[in-house]
Amino acid sequence: MSARMWKALPLAALLAAGAALPSYGAASTLRDAAAARGVYVGAAVANNPLANEAPYRTVLDREFNAVTPENSMKWDATELSRGQFTYANGDAIVSHAQANGQKVRGHTLVWHNQTPSWVQNLGATDLQSAMENHIANVVGHYKGQIYAWDVVNEIFNEDGTFRGSFWYQKLGQNFVAAAFRAARAADPAAKLYINDYNVEGVNSKSTAMYNLVKTLKSQGVPIDGVGFQAHLILGQVPSDLRQNIQRFADLGVDVALTELDIRMQTPSDSGKLSTQRSDYNKVFTACLAVSRCVGITIWGITDKYSWVPDTFPGQGAALPYDENYNAKPAYSGILDALNAGSGTGDTQAPTTPGTPAATGITSSGATLSWTASTDNVGVTGYEVVDAAGTVVGSSAGTSVTLTGLSPSTSYTLRVVARDAAGNRSAASGAVTFTTAPGGGGTGACTATYAVTNSWPNGFQASVTVKNTGTAAMTGWTVTWTFPSGQTITQLWNGTVSQSGAAVSVKNASYNGALAPGASTSFGFTGAQSGTNATPTDVTCS
Ligand code: G3I
C-alpha cells in the first residue's frame with residue numbers, strides 16, 4: 001500500500017483492516033521523502049550532461065525518482081523525416097531511468113513547437129493520419145515503459161480560446177480527442193495527460209482547460225491527468241494553486257506539476273534565494289495537500305542547464321542546484337515540504353542559535369556568523385530574519401553572506417534554526433549594522449538615458465552611468481520620473497524599484513565599483529501607451 005493511499009483512508013479503516021501503521025521518518029533525499037508521501041519527484045533530463053557529467057548523474061539518481069526527457073521524445077527528435085523514427089536519445093534516458101528506479105514521463109506527442117515543417121505543411125486529412133501514425137509508433141515503441149504521456153501540449157491562449165496552431169487551424173479541436181484515443185490504443189497502461197503553462201492558478205486559461213477536461217471525460221475520451229507546467233516567477237506562486245489542483249482532481253483526473261522552475265532576475269542574492277526557497281516549499285506543499293496530485297517534476301536539476309536564460313535574457317537561477325551542483329536554499333524548501341507532517345513525532349525545536357556577528361560590511365552586503373544550535377534529531381539549516389520576520393538569507397551552516405542590501409541602511413537581524421520536521425527555534429539575539437554609503441569619493445556621477453528601440457506599447461532603453469568625480473565609487477543610484485506613464489517590465493544590470501512614475505535603480509552587486517572616469521550601463525524594457533517622452537530629471541548619486 002502506498003503512503004498516498006494511507007493518506008486517503010481513515011486511520012480507523014486501516015486499523016480495522018489489520019494493516020500495520022506505516023513507518024515514517026524525516027528523509028534526507030528528495031526521492032526518499034517523496035516516496036514516503038506517496039508522490040514522485042522528477043527532473044527533466046537532457047542527454048548530453050546525462051552521458052557526460054558524473055555530478056549530473058549523481059544528483060539525478062540520488063534525489064529524483066522520476067524523469068522526463070527534456071527534448072528527446074518530441075516530434076523533431078523522434079520523426080524528423082516522415083516515417084523515419086529515431087529513438088536512441090529517448091532510449092538512453094529510459095534505460096538510465098530503469099536502472100535507477102525512476103518513472104518516466106513521456107513528453108510530448110502533439111505540440112506546435114519542435115514539430116518538423118513537413119508535418120506543419122500537410123493538408124487536414126494527411127495531418128490527422130500523420131498524427132495518429134506518430135502516436136502509434138512513439139507510444140508503441142515505449143509501450144509498458146512510460147508512466148504518463150503528455151499527449152497534447154499548450155493548446156490554449158491566455159484568454160482561454162484555443163491556440164491558433166496549425167493543428168487547430170486544420171483539424172479544429174477534434175485533434176485533441178483523436179490524439180488521446182490513439183495514445184490509449186498504443187499503450188493502455190500509460191496515464192494520458194493534457195499539459196499547459198500559466199494554468200497553475202484559477203484564471204481564464206485554466207478554466208478553459210477545466211471545461212475541456214470535463215467535456216472530454218463526458219465524451220468518454222481517455223484522459224487521465226492534467227499537467228500544470230509551473231514555469232513560475234520569483235514571489236509569484238499563485239495563492240490559489242492548491243484550490244486549482246483540487247478542482248481538477250474533483251473532475252476525477254490526476255494532477256501533476258510537470259515542469260516546475262522558479263526564475264529570478266540574475267544575479268541571485270541571498271534575499272532572492274530565500275524567497276525562492278519559500279516559493280518551492282509552497283508549490284510542493286500545495287501538491288501534497290491534494291491526494292490526487294501525484295508528483296512534481298522540476299524542469300532541470302542545475303542552473304548550469306536551464307532553458308530560462310536563453311528565453312528570458314537577464315533571468316535564470318531557477319532550479320534547486322546552482323551551476324556547481326551545490327544545493328540552493330530551494331532544495332531545503334522542497335525537502336522541508338516533503339518531510340513536513342511526516343509523523344516523526346519530533347516536536348522538539350532546536351536550541352536558540354548564538355547572536356550573529358556581522359563582518360565584511362559593504363554598501364550592498366555583509367557576512368553573518370553565529371554559534372550553532374543543537375537538536376534532538378538534527379539541525380537542517382538556519383534562516384536570517386529581519387524585524388518583520390522576513391527571511392533575508394538562509395544557510396545550511398553557521399554563516400551566510402548576505403547580498404543585495406541597500407547602501408547606508410541600518411539592518412537589525414536575528415537567526416532562527418530549524419530541523420527536518422519543520423520545528424523552528426526561538427530567534428537569536430539581534431545584530432545591528434549599517435551598510436556603507438553607495439557612492440564613494442566625491443559622489444559625482446552622471447547618467448545618460450537613451451531609448452534604443454520601441455514598438456507599439458513597448459520600448460527598450462539603456463542608461464550609461466559615469467563616474468565624473470576624482471575618487472572611486474563603490475555603488476550608485478540613478479533616479480528619474482517617467483513623464484508619460486511608462487512602466488519598467490524588466491531591467492538588467494541593476495536593481496529597480498518603481499513607485500508610480502518615480503524610478504530608482506541601484507547598481508547590481510557586480511557593477512557598482514567605478515574608477516574615476518569609468519562607465520557602466522544598465523538596460524530595461526518598458527511598457528508605454530503611445531507616448532514615450534524621455535525623462536528630463538535623470539540623476540545619478
Ligand atoms: O539540438 C540543437 C543543437 O544541435 C544546436 O546546436 C543548438 C543551437 O541553439 O540548438 C539545439 O536545440 C535546442 C534544443 O532545446 C536542445 O537543446 C533548441 O535550439 C532549443 O530551442 C530547445 O529548447 C527547448 C525548448 O523547450 C524548445 O521549445 C528547451 O531545451 C526545453 O527545455 C523547452 O521545454 C519546454 C517544454 O517542452 C514545454 N513547456 C515549456 C518548456 C520551456 O520552454
Side-chain angles (χ1 to χ4, degrees), residues 42-53 56 60 64 66-81 86-93 104-117 119-120 134-135 138 142 146 148-158 163 165-167 176 179 183 192-200 205-206 209 225-234 236 255-264 283 295-321 323:
V45 171
N47 284 87
N48 279 344
L50 182 68
N52 300 320
E53 281 193 38
Y56 184 94
L60 173 67
F64 297 94
V67 300
T68 302
E70 185 175 1
N71 286 297
S72 51
M73 288 186 183
K74 292 173 178 173
W75 199 311
D76 65 354
T78 51
E79 194 187 5
L80 189 54
S81 302
T86 327
Y87 294 117
N89 283 340
D91 288 356
I93 291 174
V104 182
R105 293 195 84 261
H107 175 82
T108 177
L109 298 168
V110 179
W111 191 24
H112 59 278
N113 272 341
Q114 290 176 286
T115 302
S117 51
V119 184
Q120 304 188 34
H134 179 79
I135 293 172
V138 177
Y142 290 110
I146 301 291
W149 273 105
D150 291 329
V151 178
V152 296
N153 193 36
E154 301 176 2
I155 63 170
F156 291 109
N157 294 317
E158 299 302 296
R163 183 190 289 275
S165 68
F166 63 92
W167 295 109
V176 176
L192 304 181
Y193 275 65
I194 184 173
N195 193 49
D196 216 322
Y197 61 91
N198 286 353
V199 294
E200 295 74 29
K205 191 174 186 178
S206 65
M209 196 182 200
V226 170
F228 295 180
Q229 291 185 5
H231 292 294
L232 300 177
I233 296 171
L234 191 73
Q236 296 183 21
V255 180
L257 304 186
T258 52
E259 304 181 15
L260 174 62
D261 48 27
I262 302 178
R263 61 184 184 266
M264 61 180 72
V283 172
I296 296 176
T297 300
I298 300 169
W299 205 239
I301 298 170
T302 156
D303 292 333
K304 189 172 179 182
Y305 302 111
S306 164
W307 69 290
V308 172
D310 292 338
T311 305
F312 299 102
Q315 298 183 50
L319 295 168
Y321 283 82
E323 297 189 348

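Keep in mind that this is a model prediction, so the values were computed, not measured. First listed ligand is number 1; within each ligand, the first listed atom is number 1. Computed from heavy atoms alone, side chains included, the values below leave out hydrogens, waters and symmetry copies. The first residue in the sequence is number 1, and the count goes up from there.
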Open item on the list: Just to verify, which of Y193, W149, W299 counts as forming a ring-ring contact (aromatic ring centres under 6.0 Å, His included) with H107?
Closed with: W299

Return a yes/no value: protein heavy atom under 4.0 Å from [atom]?
atom	value
atom 42 (C) of ligand 1	yes
atom 21 (O) of ligand 1	no
atom 36 (C) of ligand 1	yes
atom 10 (O) of ligand 1	no
atom 18 (C) of ligand 1	no
atom 6 (O) of ligand 1	no

Polar contact flag for [X] and ligand 1 (N/O pairs, less than 3.5 Å):
X	answer
H107	yes
W307	no
Q229	yes

Open item on the list: Under 6.0 Å between ring centres: does that hold for F312 and W307?
Closed with: yes

- [ ] Verify, without hydrogens or angle tests, whether W75 (side chain) and V110 (backbone) share a donor-acceptor contact under 3.5 angstrom.
- [x]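 Not confirmed, W75 side chain does not pair with V110 backbone.
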
- [ ] Could you tell me whether the side chain of K205 and the main chain of Y197 form a donor-acceptor pair under 3.5 Å?
- [x]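 Looks like yes, one N/O pair under 3.5 Å.
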
Task: Atom of W111, atom of E154 and distance for their closest heavy-atom approach - done: NE1-OE1, 2.7 Å

Within this structure, what is the [atom1]-[atom2] distance for the pair [X] and [Y], rounded to the nearest 0.5 Å?
X	Y	atom1	atom2	value
L260	H231	CG	NE2	9.0 Å
L60	I301	CG	CD1	4.5 Å
T258	I298	OG1	CD1	12.0 Å

Looking only at protein heavy atoms, which one is nearest to [atom], and how far off is it?
atom	answer
atom 16 (C) of ligand 1	N71 ND2, 3.6 Å
atom 28 (O) of ligand 1	Q114 OE1, 3.1 Å
atom 32 (O) of ligand 1	E70 OE2, 2.4 Å
atom 26 (O) of ligand 1	K74 NZ, 3.2 Å
atom 39 (N) of ligand 1	E259 OE1, 2.6 Å
atom 34 (O) of ligand 1	W299 NE1, 3.3 Å

TODO: Check if Y197 has a non-hydrogen atom at a distance under 4.0 Å from any atom of ligand 1.
DONE: no

TODO: Have a look at I194 and tell me which of N153, V151, I155, D150 forms a side chain to side chain contact (heavy atoms under 4.5 Å, CB included) with it.
DONE: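 Per the side chain to side chain contact (heavy atoms under 4.5 Å, CB included) rule, the option paired with I194 is I155, out of N153, V151, I155, D150.
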
TODO: Report, in ascending order of atom number, the atoms of ligand 1 lying under 4.0 Å from any heavy atom of N153.
DONE: 38 (C)

Open item on the list: With heavy-atom distances below 4.0 Å as the criterion, list the atoms of ligand 1 near E154.
Closed with: 38 (C), 39 (N), 40 (C)

Open item on the list: For the residue pair E259 / N195, report whether a side-chain donor-acceptor contact shorter than 3.5 Å exists.
Closed with: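 Yes, side-chain donor-acceptor contact under 3.5 Å.
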
TODO: Begin with the C-alpha distance, continue with both residues' side-chain angles, and end with the deciding distance and a verdict on side chain to side chain contact (heavy atoms under 4.5 Å, CB included) for Y142 and M73.
DONE: CA-CA 10 Å; Y142 290 110; M73 288 186 183; 3.8 Å; yes

